[in-house]
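We name chains A, B, ... by the order of the sequence lines, and we start the count at 1 in each one. On a predicted model such as this, the values are computed, not experimentally measured, just so you know.
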Amino acid sequence: MTSTVATESTPDSRSEDARLERELTDTWRLCRGFAGWFCETNHTVIARRMLVTAFVFFALGGVEALLMRLELARPDNHFIGPDRYDQLFTVHGSTMMFLFAVPVMQAMGIYLVPLMVGARTVAFPRLNAYAYYTYLIGGVFLYVSLFTDTGPDTGWFSYVPLSGPQFSPGKRVDVWSQVVTFTELSALSTAANLIVTTLKLRAPGMALNRMPLFVWAELVTSFMVIFAMPAVMLATMCLALDRLVGTHFFNSAVGGDPLLWQHLFWFFGHPEVYIIFLPALGMVSSIVVTFSRRPVVGYLPMVLSLVATAFLGFGLWVHHMFATGLAELGQGFFTAASIMIAIPSGVQIFCWIATLWSGRLVLATPLWFVFGFVAIFVVGGLSGVMVASVPIDLQVHDTFFVVAHLHYVLIGGAVFPLLGGIHYWFPKLTGRMLDERLGKAGFVLTFTGFNLTFFPMHLLGLHGMPRRIYTYRAATGFGPLNLLATVGAFVLLAGLLVVLTNVVRALLSGRDAGPDPWQSDTLEWSVASPPAPYVYEHLPCVAGRYPLWEGIRDCVVEGMDPRQRQVLVTAALDAAPDHVYVLPGPSIWPLLSAVATGVTFITMIFTPWAVPLGLALGTVCLVGWFWPRPPHEPLLAEQP
Amino acid sequence: MRAPSLLLLALLSAAGCRRERRSFSEPSPLQARVERAEPLPSGEPLSHFLDNAWAVSEGARLFGWYNCAGCHSLGGGGGMGPPLRDGAWRYGGAPADVHRSIVEGRPNGMPAFGPRIPDYQTWQLVAYVLSLSGRLRLDVEPGRPEAIAIGKPPVMVSKKLPSAEPLPEAP
Amino acid sequence: MSERRRVTVRELPSYAFGPRDPMWWGVALLMCIEGTTIALLLLMYFYTRQRVDVWPTTAPARDSLYAGAATTAVLLASIVPTHLMNGAAYRGDLARIRRFMVLMTALSLAALGTRIWEFRALPFRWDTDAYGSVVWGLLTLQTTHLGLGVIENLMFVVLLYRGPVEKKHLVDVEVNGMYWYFVVGGWLPIAATIYGEALFR
Amino acid sequence: MQASSRAAETLFIAATLGLLVFGCHRGPADAEPPTGRVVLIGGRLAPASGVEDGEWRKVAKDDANTRFSGLATITPGNVATLRVAWTFKTGIARGHEAAPLVVGSTMYVVTPFPNRVHAFDLKAPNGTPKWTYEAHPEARAQGVACCDVVNRGAAYDDGRVFFNTLDDHTIALDAATGRELWNTKLGEVARGETMTMAPLVVKGRVLVGNSGGELGVRGWLTALDARTGEIAWRAYSTGPDADVLIGAAFKPYYAGDRGVDLGVHSWPPERWKIGGGTVWGFVSYDPELDLLYYGTANPGPWNNEQRVGDNKWTSGIFARRPADGSAVWFYQWSPHDLYDYDGVNESVLADADTPNGPRKLLFHADRNGYLYVLDRANGQVLSATQFGHVTTSRGVDLTTGRLNYVAEKQPHVGQTVHDICPGSPGAKDWQPMAFSPKTALLYIPHNNLCQDEEGMQANYIAGTPFVGEAIKMRPGPGGNRGVFSAWDPLGAREVWHIDEDLPVWSGALVTGSNLVFYGTMDGTFKAVDAKTGALLWHAELDSGVVGQPITYRGPDGKQYVAVFSGVGGWAGAVVPAKLDVTDPTAALGFVNAMRDLPQRTRAGGTLYVFTLP
């Protein structure tokens with residue numbers, strides 16, 4: 001290593017700093033103008049776009065949910081009808097899982113991870129932009145299809161043979177499978193980006209055991225994405241092939257197996273739950289530490305729990321398939337694994353409780369959401385333990401009990417921490433403070449509304465109300481509880497509208513936040529709010545887990561050339577400086593490549609000619625993307 | 001970014017929207033007219049069936065249900081009855097001709113199904129029969145069935161729906 | 001400003017080989033993704049296999065075996081120039097890099113050719129039955145990897161001869177070599193599965 | 001070898017037995033039924049009836065269904081010079097499955113739909129037509145004929161020619177003039193009934209049956225008065241005993257066939273009314289016992305889950321009195337048939353001298369893959385031996401007479417069962433075998449086909465198919481789709497076999513000079529040595545052969561061999577009907593096994609008559 005660590009006294013470096021800032025601003029300048037909008041690769045910009053897009057899809061998914069609740073509010077209701085209802089619940093589920101939950105968690109990661117590890121940006125900014133555009137195209141495609149009555153209608157997991165070529169004619173399921181492929185492509189790219197950013201771009205001194213828990217959570221999640229998402233991409237590809245060119249992967253009549261779809265889907269689908277849930281746990285850890293004003297209790301158990309959850313998460317997909325008649329032994333194994341996953345979750349909950357218990361609590365809105373999360377998640381976890389048991393699962397399979405359970409887990413486990421995280425990092429994202437009173441009012445309303453909506457569904461499910469029915473007879477007696485749930489849905493809507501109002505008000509006239517309004521511990525709070533495009537004037541170096549509480553400003557990296565988009569690459573384990581890497585600048589090619597991908601995938605639904613078309617477009621994009629452009633870096637000695 | 005891609009996708013998908021409309025058990029507006037087995041004027045009402053993936057797939061179901069498959073085979077390859085996937089039409093391959101064949105029957109053994117099948121189902125059958133020889137658009141054609149039969153014909157006979165000329169009668 | 005600890009990075013190199021390089025990690029993760037896909041598709045093969053009485057339902061003909069053996073041989077042969085090319089990249093020897101890159105590209109194109117032969121020799125289609133589907137699926141997946149490798153190789157050939165060749169391209173050459181190892185390595189279990197099954201039936 | 005003394009014959013049989021022990025190509029070693037069988041070693045076989053007259057008066061030559069002619073002018077030595085004497089083009093390009101008849105100096109042939117009858121004067125040169133009769137059957141009958149619009153031949157008796165039309169008429173013609181004597185309508189095309197079988201005339205009764213087991217037709221055998229065409233009796237194959245003509249004389253050998261109204265009770269309610277059991281095969285008659293023998297076809301629909309029970313009296317064999325049709329015994333080859341194993345294949349009647357005394361036997365090669373030897377007096381199964389590749393059953397229990405089905409091969413709705421062997425056309429379909437009393441061997445043209453099958457709901461709509469199975473056929477083990485074999489019925493052994501690429505869908509003929517004739521679907525007509533199976537002669541005809549070869553002595557004293565070419569039938573329909581070979585389920589799945597046939601032959605319809613130069 002050629003780097004040296006020295007302690008020396010600095011002469012007045014004010015003018016030096018001003019020049020540095022000027023040069024950095026110039027080098028990392030954001031693109032301007034209309035065209036610049038499409039070229040931008042800065043990670044904060046892309047992450048902000050991704051966040052906004054994800055929340056727009058959240059809102060759309062919410063509207064679909066409200067429409068469904070209206071349809072179910074009273075018995076024998078026919079205002080939506082079966083065909084639209086099927087499309088609504090499918091698009092709702094797919095939106096929430098593929099277009100909201102995963103991207104929003106990754107967007108938070110893309111925004112925060114480089115800041116938290118002390119990097120100027122992500123490892124592959126262009127790939128990052130590409131991932132965003134692919135996701136956007138996929139999402140827009142889904143909604144265009146919904147609005148043109150081509151929305152998928154076979155449920156968010158599209159079981160074959162229902163979703164197969166015979167029972168789902170037309171292009172609806174093809175749309176679904178391509179949308180899933182789009183979002184998986186995006187998620188995989190982002191995950192790879194996050195992993196490399198975390199492993200290679202950390203500030204000197206930030207060894208793995210000093211990484212913030214949120215970064216750990218994003219790292220583990222990204223690894224889960226890398227190994228889980230290929231399963232669903234493969235599954236949707238096979239489904240598309242079955243539907244479009246007549247392969248027989250899932251056709252039992254000539255040797256295929258519909259259950260194979262379920263295996264592949266849930267091999268992804270169960271880890272998916274943890275892909276959504278683990279970043280949320282990271283957010284909770286950040287919030288708990290900050291508002292307890294003390295280091296987290298049990299850093300190592302927390303990290304090990306995250307890793308253990310990731311491993312166990314791959315071992316229990318079959319508990320979604322108990323009703324398919326598997327062998328007894330398998331059922332026992334997967335029941336055990338499903339119950340075992342409660343252990344790491346429990347460890348984390350106890351660590352947080354211990355941290356909160358022993359800390360000096362600041363009862364800000366983010367912490368309120370954390371409390372809400374714990375309450376709801378415990379209920380969801382308990383119903384989860386119930387359905388992990390085969391006899392109970394067989395009883396409540398495909399009833400509203402499962403609907404209640406999964407919403408308790410996903411909204412409780414992911415949306416509440418996310419809302420907490422949004423309240424927590426909002427100052428960093430925008431430079432403005434949210435109003436605490438509105439924030440708490442929003443929490444109370446969403447918490448109440450959520451429980452009003454989903455708790456009755458437990459009872460409905462136990463009484464035998466099946467999922468995915470567009471109406472029911474009055475004689476079933478499901479009416480009153482459904483009405484209650486619908487009322488609750490509107491209370492929940494009111495709560496979310498209060499949160500939105502708070503955000504809009506803060507953006508228009510919020511209090512200026514300053515770099516570190518919460519007196520937090522992690523590096524992102526050491527830079528301006530919102531951060532400059534180059535984020536750090538001097539790259540930081542750290543010596544502990546809580547750099548801001550430990551005096552980060554005492555250590556900086558020097559010797560980076562501010563006239564180039566340089567990033568410092570460090571060793572994967574101990575983060576020792578290794579080499580300095582020049583990143584490519586803004587480019588239109590990520591967008592063009594995403595469009596090429598989109599055109600290929602969408603054309604594929606209609607004609608196999610999409611394959612050669614995609615090959616040609618892909619080659620052009622690859623060449624355009626990677627072709628070296630001046631200014632050139634040091635040339636190899638012997639040139640022609 | 002969003003505006004142009006929206007536009008592009010809207011254009012792409014708008015073409016497909018009508019093809020996806022599904023009506024779970026509805027009487028056809030054409031019923032009264034075609035029960036007298038008049039050939040249909042070409043145009044919009046016909047495309048209600050021929051350009052609708054759901055109608056074509058209903059036709060596929062009915063093709064088995066009304067025993068069409070018994071004679072013409074599940075994949076339309078023929079057996080007791082002539083093949084339907086070869087693009088050769090003894091009595092004309094225009095939609096109205098096929099409709100008439102189903103409703104009135106034909107002398108060499110095709111029974112008259114008119115009294116047995118509601119008219120909208122007959123049109124769904126027509127749509128499916130035409131898809132067998134690849135005469136419907138690719139995006140409304142049914143895929144392979146979940147059975148040992150195969151689905152699509154290997155050759156696209158004609159993309160359009162002309163009033164195919166009747167073949168000379170076999171001796 | 002008071003006392004500051006300073007970490008000086010002025011004299012650090014601008015590129016590094018192997019796991020020190022972020023792009024190496026990126027490609028390694030791509031290999032994880034694609035490797036998982038291959039593994040899952042192989043699992044699908046064996047999953048489908050245990051549900052079918054007669055397997056392979058239509059045995060690959062002798063021609064298929066020859067074609068598969070040819071592809072395997074060509075791919076294995078291409079490892080040699082790849083290895084030598086990596087060595088040249090470590091030393092920064094542009095002339096040798098060029099030579100081996102051309103050789104490797106030629107072999108990769110040859111593999112693409114034998115792959116076409118393989119497809120044509122298969123006595124069944126993807127829509128024949130589930131066996132046909134999964135075999136075509138495996139071959140197509142590997143062909144995608146192969147094709148991507150060929151496009152990359154061709155790009156490198158053009159870059160190396162047209163220039164300007166930057167020093168950091170040495171790393172890219174090495175990473176490309178690593179990807180090619182993956183293409184070859186990913187093929188071996190697929191070939192063993194598809195053709196071994198037919199060979200030792 | 002030629003016909004000689006009894007001692008020489010015995011010697012030859014012993015030699016044949018020796019040959020099969022040491023020299024058979026493919027011993028059916030895996031074909032051992034689990035229970036013991038009666039093997040009549042050392043027996044001597046003779047056809048139950050028939051004296052050589054050089055004519056061919058019945059489709060099977062005689063009432064015993066032997067297709068054996070004692071003519072011996074054409075010999076293994078000179079057959080190589082066999083030449084076409086004359087031909088006649090019928091102008092109909094469909095499956096020609098009929099056997100010509102030769103009575104005196106006149107030849108009578110009946111064509112497929114539209115069922116023309118041609119009479120040829122054999123005294124005039126080159127088959128000069130004598131008269132032609134046009135039956136003008138209803139065109140719509142073509143649409144309900146399951147397996148091409150075939151006709152399997154006419155019958156002659158007492159100056160009259162009798163034949164069936166596809167639209168369910170039985171017609172009697174004056175043999176001399178071709179004038180219609182009577183015309184009786186026996187069935188309803190609208191219900192799916194057709195008639196394709198060759199009648200048999202016994203004691204002034206014309207015996208005819210119907211076809212349509214794939215359309216939910218209720219099967220029957222009807223006896224018509226040969227002079228007036230009035231229906232004398234009709235015996236149904238399903239329903240109450242009164243309809244089936246089961247009375248006090250009915251004494252089936254096995255307990256499972258005894259009971260009241262089994263034709264009703266072995267079906268789900270009312271299902272027997274559309275339960276199949278049609279009668280479209282060849283009828284045999286034993287004048288000594290005064291018994292008719294005929295098989296009943298498959299129960300309908302094919303989907304067995306829609307007809308729980310034994311489905312009596314389908315897929316079995318009846319012995320009846322010709323006078324009043326009363327049943328004497330019944331045996332069910334395939335109880336609750338699962339695979340369209342029709343029981344209609346012909347029964348060859350022969351007597352054997354055994355160590356335990358003389359036995360009156362009946363040989364039957366069933367679609368289910370077993371060659372049965374029955375005691376034709378009482379219906380006891382003496383042996384049942386696999387003669388083809390069978391995966392659907394494990395032998396016949398000789399104590400109960402029941403076929404032991406393999407449970408895993410039972411088709412279910414929505415589930416595909418693979419490797420069903422033999423496939424629905426059976427190890428042998430209608431294509432009749434021949435029996436030579438000289439070699440004591442059966443010459444069996446048969447299939448080697450397997451299939452994958454998926455059950456589906458069948459709906460009954462009168463006059464439309466009632467099947468409920470999706471089928472894809474494939475060649476059986478070895479890849480050859482057909483076999484022609486010589487079978488020793490007493491030793492229950494195959495003596496020799498010839499692998500044919502295509503199913504052997506033509507009938508067989510054996511002569512007194514130990515020549516065996518048969519044709520293949522690619523249009524080759526062959527003569528092989530009856531003792532060794534060695535190919536001695538072959539001719540390429542203009543279309544595939546699915547007809548029944550015959551031989552006769554012409555007015556000029558020469559021996560002639562006649563056969564129809566004209567590919568068709570279930571196996572060959574893909575050619576004349578131009579079925580689409582890209583649909584494997586076409587023609588009830590047969591097309592999948594016959595994709596190459598359109599390249600191998602073309603449709604046609606020609607009567608070929610061969611003789612020595």
Side-chain angles (χ1 to χ4, degrees), chain B residues 60-91 101-102 104-117 129 132-134 144-157 167 169-171, chain D residues 91-94 113 138-149 166 189-190 192 194 214-216 301 414 416 418 451-454 456-472 570 573-574 576-592:
Chain B
R61 192 173 63 80
L62 298 170
F63 192 76
W65 206 242
Y66 288 123
N67 291 358
C68 311
C71 286
H72 298 288
S73 166
L74 283 165
M80 299 187 214
L84 301 175
R85 56 192 278 144
D86 58 359
W89 300 93
R90 213 178 281 182
Y91 304 108
S101 295
I102 298 171
E104 296 177 355
R106 295 292 181 182
N108 283 358
M110 173 77 190
F113 281 89
R116 286 201 177 94
I117 308 184
V129 166
L132 280 170
S133 53
R144 64 136 176 83
E146 302 284 339
I148 64 177
I150 60 160
K152 294 185 177 186
V155 284
M156 175 83 63
V157 177
L167 287 184
E169 184 96 11
Chain D
I92 300 163
R94 301 300 294 230
F113 181 90
E138 287 179 76
R140 64 186 176 132
Q142 296 171 87
V144 291
C146 81
C147 311
D148 204 0
V149 292
L166 197 64
V189 170
T194 50
E214 282 60 56
L215 293 96
T416 306
H418 298 269
Q451 70 190 20
D452 300 340
E453 178 169 353
E454 184 188 11
M456 34 190 59
Q457 171 78 29
N459 296 324
Y460 181 74
I461 302 174
T464 69
F466 188 47
V467 175
E469 296 284 343
I471 289 174
K472 260 174 158 171
W570 186 9
V574 59
K578 298 189 175 64
L579 302 186
D580 197 304
V581 295
T582 59
D583 177 8
T585 59
L588 297 165
F590 219 139
V591 161
N592 195 49

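- The aromatic rings of B:Phe63 and B:His72 sit tilted, their planes meeting at an angle between 30° and 60°.
- Going from atom CG of B:Leu132 over to atom CG of D:Asp580 covers 10.0 Å, rounded to the nearest 0.5 Å.
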Passes side-chain contact (heavy atoms from CB on, under 4.5 Å), B:Phe113 versus D:Thr464? Steps please.
CA-CA 11 Å; B:Phe113 281 89; D:Thr464 69; 3.8 Å; yes
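- Residue D:Glu453 touches chain B through its backbone alone, counting heavy-atom pairs closer than 4.5 Å.
- In this structure, the separation between CG on D:Asp148 and CD on D:Gln142 is 9.5 Å, given to the nearest 0.5 Å.
- At least one donor-acceptor pair under 3.5 Å links the side chain of D:Trp570 to the backbone N or O of D:Ala587.
- Of the residues considered (D:Val144, D:Ile461, D:Val189, D:Val149), D:Ile461 shows the highest number of contacts with chain B, using heavy-atom pairs under 4.5 Å.
- For a residue to count as touching a neighbouring chain, one of its non-hydrogen atoms must lie under 4.5 Å from one of that chain's; by this rule D:Ile471 touches chain B with the backbone only.
- Only the side chain of B:Arg116 comes within contact range of chain D, with heavy atoms under 4.5 Å apart.
- Put simply, of B:Gly70, B:Ser73, B:Cys68, the one with the most heavy-atom pairs under 4.5 Å next to chain D is B:Ser73.
- Neither the backbone nor the side chain of D:Ala573 has a heavy atom closer than 4.5 Å to any heavy atom of chain B.
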